[in-house]
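What follows is a single structure, written as structure tokens, with notes after it.
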Amino acid sequence: MGVLTEVYEMLNTCNKCGGCHTACKTYKLTGQETMVARGRIQLIKAVADGKLEPNQEYEDAIMSCLLCGECAVACANGVRGNELVMAARRDLKLRKGIKPFAKSFALKTLASPKRLGMGFSLFGGMGKSVLNKIDGMDYFRGIDIRNFPTAKKPFLEQVPERITVQHPKHKVGFYVGCFLNYSLDQTAHSVVKVLTKNDCDVIIPKDQVCCGLPQYAYGDFETAKKNARKTIDTFLDKYKDAEVVLSACASCASMLKHDYLKLFADEPSYLPKVELFCEKVVEFSEYMAKIGVDQSQLYNSSPVRVTYHDPCHMIRGLKVTKQPRQLLQMIPRVEFKEMFEAGRCCGAAGLIQAFYHKVSTNITDQKVQNIKDTNADLVATSCPACMLRLQGGINKAGQKQKVMHVADLMANAYKD
Amino acid sequence: MSNVNISKLKAIVGDNNVIDSPSEMAKYLKGQGKPAVVVLPGNTSEVSNIVKLANEQNVKIAVGGAGVGTKGLSGGIAMVMSRMNRILEMDHLNLVAYVEPGLLHKEFLLKVGEAGLNFPPEPYEVETSSIGGCFSIGDSDSKSFEYGPTRTFLLGFEMVLPTGEILEIGNKCIKNVSGLDFIHFAVGSQGTFGIFTKLLVKLLPAQEAKRAVIGTFTSIHKANATFNTLIKRNIQPTRMNLLNASLAQNAIPGTEGQLVIIDLQGFKESGKNIANEIAAVLTLGGGTDVKIIEDEVEYDQVVNGWLKVRADLNGKPERTVEFLVGPAKMPQALTQLEALTGDLGTYPGVVVEGLLGYVCLALPEGTDKLALAAKVNRLAMSLGGNVKGLLGHKLKSEAYNDAEMWQQTVGLLQELRQQFDPKGILSPGVSLEA
Amino acid sequence: MLSQTVVNRLKEIVGEKNVVTDKVGLLTYGYDGTLLSGEALGVVSPHTTEEVVEIVKLMNEHNIKLVPRGAGTNESGGTIPTQDSVVISFTKMTKIHEIDTENFVAVVEPGVINFDLQVELEKQNCYFPPDPSSYKASTIGGNVGECSGGPKCFKYGVTRDYILGLEVVLPNGKVIQTGGRNFQSEPAYDLTRIIVGAEGTLGLVTKVFVRIIPLPRAKKTMLAIYDKVEDASQTVADIVAAGIIPTTLELMDNLLINTTEDFSHAGLPRDAGAVLIIEVDGYPEDMDPQVKTISEICNKIAKEFKIAQSAAEVDQIWTSRRCAFGSVARVRPSYGVNDITVPRSNFPKAIQGVLKVAKEYGVTIGVVAHAGDGNLHPLVLFDQRNKEEVETVHAAEKALCMMALDLDGTVSGEHGIGLVKKKYLDSEFTPAAMGAFRKIKRSFDPSNRFNPGKVFEL
Ligand SMILES: Cc1cc2nc3c(=O)[nH]c(=O)nc-3n(C[C@H](O)[C@H](O)[C@H](O)COP(=O)(O)OP(=O)(O)OC[C@H]3O[C@@H](n4cnc5c(N)ncnc54)[C@H](O)[C@@H]3O)c2cc1C
Ligand SMILES: Cc1cc2nc3c(=O)[nH]c(=O)nc-3n(C[C@H](O)[C@H](O)[C@H](O)COP(=O)(O)OP(=O)(O)OC[C@H]3O[C@@H](n4cnc5c(N)ncnc54)[C@H](O)[C@@H]3O)c2cc1C
């Protein structure tokens with residue numbers, strides 16, 4: 001009960017006003033009180049008070065949360081539903097381990113680089129050809145597996161550890177993250193290109209591991225900590241000269257920058273180092289906007305209409321919203337068009353797309369409609385998980401928009 | 001034969017206020033019924049005592065402002081409220097007034113006006129209506145789009161129930177959701193729940209600016225089309241009404257053609273521009289003699305002309321059919337209506353209240369009202385509307401072939417009435433059957 | 001416990017997924033915006049009127065009571081399952097059947113969230129004036145149930161004024177339609193009016209015909225800051241006397257100024273006694289003269305007065321008000337929201353009364369108020385874990401209600417009675433009035449099956 005005791009003050013501050021109702025996509029879709037922060041919080045409180053024994057229904061309520069954080073923004077009382085759900089997941093894990101599916105398939109896989117590589121290639125490569133043979137198996141739990149891209153070779157194996165430029169002004173440590181490494185390696189290349197075009201030396205440690213977010217989100221703090229410690233030590237000890245630790249994945253960045261602090265809150269001896277690390281972490285768009293992009297180098301021959309999707313970890317985690325839009329609008333002939341509810345979750349939400357795929361698919365469908373309404377040609381965003389989810393949804397709806405990372409759009413705007 | 005004990009009545013209200021000679025009674029009575037007596041109570045406890053007496057003797061009572069409808073009242077008591085006609089309080093800070101029910105609406109308006117205030121509900125019988133009668137009938141008028149229907153202006157009341165018990169409810173708060181909303185539910189109950197003896201009404205600040213725009217048209221359809229243009233242009237005046245040619249001359253003598261009257265109250269600075277815009281719309285829509293009226297006397301003449309026409313129609317409920325379809329559906333409604341009525345321009349009477357999407361038809365001599373109403377209702381329903389009120393509900397249920405809905409509705413109405421008035425003492429002339 | 005037969009039958013009616021009988025599910029339908037809670041026998045979520053009818057009939061056969069529920073944001077315990085009852089949740093009846101701006105009507109199902117309707121209406125340049133502060137969560141059915149108000153009531157009235165008609169399932173399982181799409185559609189008695197604000201005790205609303213109106217063309221927002229609450233009240237009185245009906249006259253007292261400042265840093269002076277947000281709307285040409293009059297009035301007594309010049313400034317003015325409720329939660333974790341209302345002229349006395357109650361009971365009370373309506377929201381701060389304190393708060397809230405009644409007001413201006421204020425009704429109403437309520441309830445629901453025990457005992 002220790003975990004819940006820690007957050008009890010916040011549990012107690014929920015006044016049940018329902019302010020989180022519109023903020024919550026899972027509630028909007030189901031209309032069920034177990035599927036909204038207010039309900040989840042009251043359940044967690046009941047568990048904390050010993051009035052409820054966690055059971056399957058409780059677990060569903062806790063596990064189906066997107067952790068998008070919108071309820072926290074909406075709550076006048078300052079209750080952060082997503083954090084409470086995290087605490088409840090942690091509590092569940094301590095009580096009885098994690099849901100089998102999550103445990104075996106996803107979390108363990110992500111925790112080990114070797115298995116991770118296999119996992120991605122299963123989805124994208126070999127597995128794909130098998131699935132292709134099964135009629136109608138285009139979408140596995142709403143995930144567009146046929147089009148799930150896989151890097152032929154992990155990005156980290158494609159590039160040297162240090163990439164230097166002629167007149168370096170900055171020295172950037174690049175935390176690549178699993179998705180860019182195994183799946184969207186082109187985007188990782190784009191990041192490197194944009195950085196080097198703007199006079200940055202890039203350091204890409206080969207031995208970087210998963211940031212630990214998936215484990216953290218499902219309450220497995222032990223594994224998350226192991227990965228976090230490795231990441232911190234790698235960048236702070238081995239690659240001290242990196243001025244910043246840059247991530248082009250909003251989720252990783254948010255984990256590195258904010259959640260590491262919480263993760264190590266109980267380790268005062270290590271905490272100062274974590275603080276040092278967190279201060280260095282910066283998200284791609286945020287960094288580019290800060291150091292300034294030389295607009296005169298950007299080139300684009302055909303007009304294009306672009307809209308932007310704010311990933312949850314970007315808008316509510318890192319609170320970065322202006323910079324990606326600024327960067328996009330620096331590209332010549334880009335007509336920028338806001339979509340309705342740009343800041344709302346796309347449905348990917350970590351493993352939700354696998355566990356609660358119906359809810360997730362419905363959420364994605366709404367997002368795809370909002371994209372359609374803008375008449376945009378391109379959807380830019382800042383998180384690879386969103387990119388894959390959105391592209392899948394768009395394809396499924398038979399729409400034509402292409403989803404790209406902000407870095408991809410920028411990289412394409414350099415002549416060579 | 002009547003059970004009414006005249007001397008007991010006299011003991012309650014005083015000899016002078018009990019009238020039982022038929023010739024003298026006549027001036028207080030409406031209709032063919034023959035009540036035994038007319039009483040004029042002077043205060044609440046008198047009303048209560050009369051009702052208690054009626055209960056003891058099992059006689060019926062009907063109430064009226066200045067005159068009492070006598071339907072079903074033979075042998076009963078006609079209660080005239082005209083002696084209870086005081087304004088008990090005019091509260092500027094809270095914009096409310098306490099008034100007695102027998103006060104004539106027109107006198108109240110005068111006093112309200114002198115106080116720099118406004119009481120929007122406008123009964124159709126502007127000359128004779130009492131405040132008690134206004135709230136007993138409820139209803140909306142052509143200004144209701146802006147101000148809301150009559151009930152909007154009731155905050156509370158004192159009422160003598162059919163048992164003689166005195167009920168007080170409400171307060172000067174403009175927001176009040178305590179208990180069930182009997183306050184507004186009583187509006188329109190036509191004296192079946194009880195007799196109002198005091199009313200707490202809501203007032204508004206007076207409208208400082210008043211303007212009207214009038215114009216005449218050769219075609220009623222063209223005249224009506226201008227309303228749709230105005231709504232499309234996002235203009236919502238205070239009133240937006242149309243009288244067909246037969247009625248127009250009664251409103252403004254000498255008018256030829258279909259008359260459009262648009263009233264603008266309270267648009268202090270914007271009124272000039274809006275009036276110009278309206279005038280332009282009327283002219284472009286084919287209106288002639290389009291005129292913006294800013295002179296106070298002339299404005300009053302126009303409004304009074306309108307009210308007079310409405311009062312005339314109201315006097316003949318058996319000769320009118322009223323329906324509503326919503327403002328934007330009106331052009332279709334009028335066109336389709338002509339298939340039933342022939343040319344509307346020369347029909348005995350057509351009134352359109354454009355903002356409410358309301359039509360009142362004055363029927364030619366010898367028309368079968370119910371048959372026409374059924375047809376009109378079908379027409380209205382096809383456009384999302386219905387014939388007004390209880391009759392409309394009945395016709396609608398019939399059209400849906402939904403006898404159950406009608407039975408349920410009427411059953412509920414009767415159960416409510418029965419709960420309040422188990423002995424059936426009050427308002428025998430009021431039927432909940434349509 | 002519901003028998004398996006009933007559960008199976010319910011599942012047949014609404015589908016497996018729309019019947020909740022497990023402990024976790026029931027727990028989440030056992031509360032509302034108050035501290036109260038209860039446990040229903042089950043929760044059932046219909047999608048259509050037909051399903052509602054079937055449910056009512058089934059419940060009647062088994063003599064089980066029904067508690068209607070929208071979003072469960074009410075502040076009066078109106079949706080707490082008491083007695084052995086099944087909660088009928090309308091959150092899955094969310095269709096907007098029709099929006100007809102030219103005829104000024106929209107037809108919606110009861111589970112439509114007020115905000116969602118507003119979003120759709122706004123696209124067509126219209127709106128639905130009743131917008132309780134909970135509008136982002138609360139449903140139209142719930143708004144109808146409570147006859148909700150909001151910040152715009154002074155000019156635009158309350159929910160009652162915007163309901164043209166209803167489709168209602170009666171306690172006997174029959175469907176009626178009250179009113180219609182237009183004015184003057186009442187069947188003799190204005191049944192719509194008695195169901196609005198009846199808190200689900202008379203019938204289940206399955207369709208709502210709401211009146212919509214065009215958005216105002218222009219709006220002006222002003223902020224006045226005062227040394228004393230009385231000065232703010234004087235402004236309200238003066239504005240009314242000048243013949244102006246603002247849309248909004250929102251007041252916050254010193255405590256709220258400070259708690260909101262802690263949170264939003266909007267720049268309000270912490271020593272101010274009160275702030276008043278004033279808004280007028282209408283045609284652009286009519287704005288300036290009204291603003292001029294109001295500024296003359298305010299400048300006479302206010303410490304500071306400003307007129308928002310841009311959308312950003314309007315936003316800034318509203319920031320404090322918007323975070324008002326939440327900001328006090330940062331002082332103490334729980335707060336009780338009251339909605340006592342007094343005649344406008346007694347407003348200063350009511351504020352005095354609140355201070356007196358706070359002092360007498362030793363509790364902290366902040367006040368947010370719709371000053372034009374005389375509607376106060378004294379927020380009583382406490383911690384629900386402290387049972388003793390909870391008792392004190394209940395006593396203080398009772399004192400607030402009695403104070404409002406002494407000032408010729410009402411215990412509820414917009415939140416309804418439910419369970420929380422039921423005990424004060426006999427103080428507010430005479431036996432004759434209570435009798436009238438019971439007659440009405442008996443006419444609709446002689447067996448007391450819908451939301452039993454709410455508002456008053458039959
Ligand atoms: C805005 C508005 C719109 C209207 N629209 C129409 C309309 O379309 N058609 C129409 O026919 N009338 C309409 N009227 C009402 C019409 O003008 C009435 O004749 C008038 O308002 C009634 O006043 P009266 O004093 O003459 O009432 P009466 O004719 O004396 O009484 C009318 C009814 O009210 C009851 N009543 C009177 N006084 C009391 C009392 N003190 N307590 C309880 N019950 C009482 C009577 O029993 C009777 O049922 C409307 C009224 C208003 C205010
Ligand atoms: C933070 C906050 C701010 C608020 N601000 C305001 C405000 O400014 N003004 C205001 O007036 N209120 C306010 N409220 C109170 C509350 O939000 C309103 O009363 C709201 O209308 C309730 O809507 P709901 O959908 O949550 O209904 P519920 O709470 O679910 O139900 C309310 C009542 O209606 C009944 N009901 C619900 N649906 C139906 C149906 N389909 N048929 C019949 N009966 C039904 C229920 O039985 C219950 O009695 C506020 C509440 C909170 C928590």
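It should be emphasised that the depicted structure is a prediction, and the values quoted were computed from it without experimental measurement. Numbers restart at 1 for each chain; the letters A, B, ... are given by sequence-line order, proteins then strands.
Of the two parts of B/V325, only the backbone, made up of N, CA, C and O, holds a non-hydrogen atom closer than 4.5 Å to a non-hydrogen atom of chain C. For a residue to count as touching a neighbouring chain, one of its non-hydrogen atoms must lie under 4.5 Å from one of that chain's; by this rule B/K272 does not touch chain C. When heavy atoms are compared at a cutoff of 4.5 Å, B/K394 does not approach chain C at all. Contacts between B/I231 and chain C at a heavy-atom distance below 4.5 Å involve the side chain alone, from C-beta outward. Looking at B/F145, the atoms closer than 4.5 Å to chain C (heavy atoms on both sides) sit in the backbone and in the side chain alike. Using a 4.5 Å cut-off between heavy atoms, C/A188 touches chain B through backbone and side chain atoms alike. Contacts of C/N172 with chain B are made by side-chain atoms alone, with heavy-atom separations under 4.5 Å and no backbone atom involved. Interface residue C/E414: backbone and side-chain heavy atoms are both found under 4.5 Å from chain B. Looking at B/I166, only its backbone comes within 4.5 Å of chain C, counting heavy atoms on both sides. Heavy-atom distances place no part of B/F323 under 4.5 Å from chain C, backbone and side chain included. In this structure, chain C has heavy atoms under 4.5 Å from both the backbone and the side chain of B/L324. Using a 4.5 Å cut-off between heavy atoms, C/T201 contacts chain B through its side chain alone, with no backbone atom that close. Contact of C/I440 with chain B is made through backbone and side chain together, with heavy-atom distances under 4.5 Å. Both the backbone and the side chain of B/Q408 come within contact range of chain C, judged by heavy atoms closer than 4.5 Å. Residue C/V175 touches chain B through its backbone alone, counting heavy-atom pairs closer than 4.5 Å. Interface residue B/I169: only side-chain heavy atoms are found under 4.5 Å from chain C. Both the backbone and the side chain of C/Y189 come within less than 4.5 Å of a heavy atom in chain B. Both the backbone and the side chain of B/I235 have a heavy atom closer than 4.5 Å to some heavy atom of chain C. For a residue to count as touching a neighbouring chain, one of its non-hydrogen atoms must lie under 4.5 Å from one of that chain's; by this rule C/F154 touches chain B with backbone and side chain alike. Both the backbone and the side chain of C/F437 come within less than 4.5 Å of a heavy atom of chain B. Residue B/R417 touches chain C through both its backbone and its side chain, counting heavy-atom pairs closer than 4.5 Å. Heavy-atom distances place both the backbone and the side chain of B/Q236 under 4.5 Å from chain C.
Aromatic ring centres of B/F267 and C/Y283: separated by under 6.0 Å.
C/C147 contributes atom SG, which lies 9.5 Å from atom CG of B/N176 (distance to the nearest 0.5 angstrom). B/Q414 contributes atom CD, which lies 6.0 Å from atom CG of B/L432 (distance to the nearest 0.5 angstrom). Taking SG of C/C126 as the reference point, atom CD1 of C/I213 lies at 8.5 Å (rounded to 0.5 Å). Going from atom CG of B/L390 over to atom CG of B/L413 covers 6.5 Å, rounded to the nearest 0.5 Å. In this structure, C/I195 CD1 and B/F185 CZ are separated by 8.5 Å, a value rounded to the nearest 0.5 Å. Between the CD atom in B/Q407 and the OG atom in B/S397 there is a gap of 9.5 Å [rounded to 0.5 Å].
Ring pair B/F182/B/F420 is parallel by interplanar angle, where below 30° counts as parallel and above 60° as perpendicular. Ring geometry for C/H377 versus C/H415: interplanar angle under 30°, hence parallel rather than tilted (30 to 60°).
Chain C forms more heavy-atom pairs under 4.5 Å with one residue of B/L412, B/L161, B/T409, B/N386 than with any other, namely B/L412. Interface summary for chain B: among C/K439, C/Q184, C/E285, the most heavy-atom pairs under 4.5 angstrom belong to C/Q184. In terms of heavy-atom pairs under 4.5 Å with chain C, the best-connected choice from B/G326, B/S178, B/G357 is B/S178. Put simply, of C/G157, C/P289, C/A237, the one with the most heavy-atom pairs under 4.5 Å next to chain B is C/P289. Taking C/T192, C/N125, C/T341 one by one and counting their heavy-atom pairs under 4.5 Å with chain B, the maximum is reached by C/T341. Contact count against chain B (heavy-atom pairs under 4.5 Å) is highest for C/I194 among C/I194, C/N375, C/D339. Between chain B and the options C/E186, C/E428, C/R217, C/E199, heavy-atom pairs under 4.5 Å are most frequent for C/R217. Between chain C and the options B/V187, B/I274, B/V430, the largest number of non-hydrogen pairs under 4.5 Å is found for B/I274. For chain C, the option among B/G384, B/G266, B/G385 with the highest count of heavy-atom pairs below 4.5 Å is B/G384. The greatest number of non-hydrogen atom pairs below 4.5 Å with chain B, out of C/V411, C/D286, C/I176, is found for C/D286. Among B/D402, B/L355, B/L356, B/N118, the residue making the largest number of heavy-atom pairs under 4.5 Å with chain C is B/L356. Contact count versus chain C (heavy atoms, under 4.5 Å) is highest, among B/G148, B/G411, B/G392, B/G179, for B/G179.
The backbone N or O of C/G372 lies less than 3.5 Å from a partner atom in the side chain of C/R344, making a donor-acceptor pair. Using modelled atom types, one side-chain atom of C/R193 and one backbone atom of C/R160 make a donor-acceptor pair closer than 3.5 Å. Here the side chain of C/N338 pairs no donor or acceptor atom with the backbone of C/C401 at under 3.5 angstrom. For the pair B/T150 (side chain) and B/I137 (backbone), a donor-acceptor distance under 3.5 Å is absent. Listed for the C/K454 side chain is a donor-acceptor partner under 3.5 Å among the backbone atoms of C/G78. In terms of modelled atom types and a separation under 3.5 Å, the side chain of C/N346 and the main chain of C/L407 share a donor-acceptor contact. Checking side-chain atoms of C/Q177 against main-chain N and O of C/G165 turns up no donor-acceptor pair under 3.5 Å.
At least one side-chain heavy atom of C/D100 sits less than 4.5 Å from a side-chain heavy atom of C/R181.
With no hydrogens or angles considered, no side-chain donor-acceptor pair links C/T430 and B/E168 at under 3.5 Å.
By the 6.0 Å contact criterion, NZ on C/K349 is open, its count of non-hydrogen atoms from other residues, nucleotides or ligands being 12 or less.
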